[in-house]
Amino acid sequence: MKIKELEFEKFISEADVQKKVKALAKQINADYKDKTPVFLPILNGSFMFASDLVKEVSIPCRVSFVKVSSYQGTQTTGQLKTLLGLEESSFNQDLIIIEDIVDTGLTLQKIVEELRSLGTKSVEVVSLLRKKPARDKNMETKYVGFEIEEEFVVGYGLDYDGLGRNLKDIYKSTN
Ligand code: IMP
């Protein structure tokens, strides 16, 4: 399969994704048995994973989508990221961030720090995929679906230049 100039091959099937989603939800159901967590899916990439995951969650929970903005700081130190759309009702709750993929983990690190500074009961992360750099750094991600190498992947919400989010399976680039 080709998206723009990149060639992709099937990597993780829809069936395997769904099996993993159920297993992750089962763990969350057990860990949050007596709690009412707030899921914070990070747009856009996690919309499909979040939708499937929360359908398998059987404990009471809330879902509130957020977005990460990146902007150029006034200094030349690179990009600062901040969370957009966080509702006040999410403060002082048990939060579970839903991510599609953690690569370097820099985005997530900043978000977790920001949420903790707002006075939350707890903050954990569930990510469908985690790449090697985040794994090596031991980036805190309590629930991980698939550990992968440094492949570039699309499908199931993940995109290449905005394309490929609609695919049911996950594909990796062969270039
Ligand atoms: P990090 O800050 O390096 O962990 O970047 C994480 C974000 O980069 C993810 O939420 C994705 O939006 C994007 N990303 C990283 N790797 C991939 C990939 O292989 N395919 C599509 N998007 C990716």
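Whatever order the structure lists ligands and atoms in, that order sets their numbers, starting from 1. Quantities reported herein were computed from a predicted structural model and do not represent experimental measurements.
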Problem - contact_flag V154 ligand 1 heavy-atom lt 4.0 Å - result: no

Handout entry: Proximity flag G45 to ligand 1, non-hydrogen atoms under 4.0 Å
Key = no

Practice task
Say whether F152, considering both its backbone and side-chain N or O atoms, lies within less than 3.5 Å of an N or O atom on ligand 1.
Solution key: no

Distance to 0.1 Å, residue and atom name: give those for the protein heavy atom nearest to [atom].
atom	answer
atom 12 (O) of ligand 1	D100 OD2, 4.0 Å
atom 8 (O) of ligand 1	I101 CG2, 4.9 Å
atom 16 (N) of ligand 1	K131 NZ, 3.2 Å
atom 22 (N) of ligand 1	L158 CD2, 3.9 Å
atom 5 (O) of ligand 1	T107 OG1, 3.7 Å
atom 3 (O) of ligand 1	T104 OG1, 2.6 Å

Problem - Stacked cation flag K168 on Y156, 6.0 angstrom / 45 deg - result: no

Exercise for the section: Report yes or no: does S51 contribute a side-chain atom to a donor-acceptor pair with the main-chain N or O of F47 at less than 3.5 Å? Expected result: no

Practice task
Of the side chain and backbone of E151, name the one, both, or neither that has a heavy atom under 4.0 Å from an atom of ligand 1.
Solution key: backbone

Practice task
Classify the angle between the aromatic ring planes of F152 and F8 as parallel (below 30°), tilted (30 to 60°) or perpendicular (above 60°).
Solution key: tilted

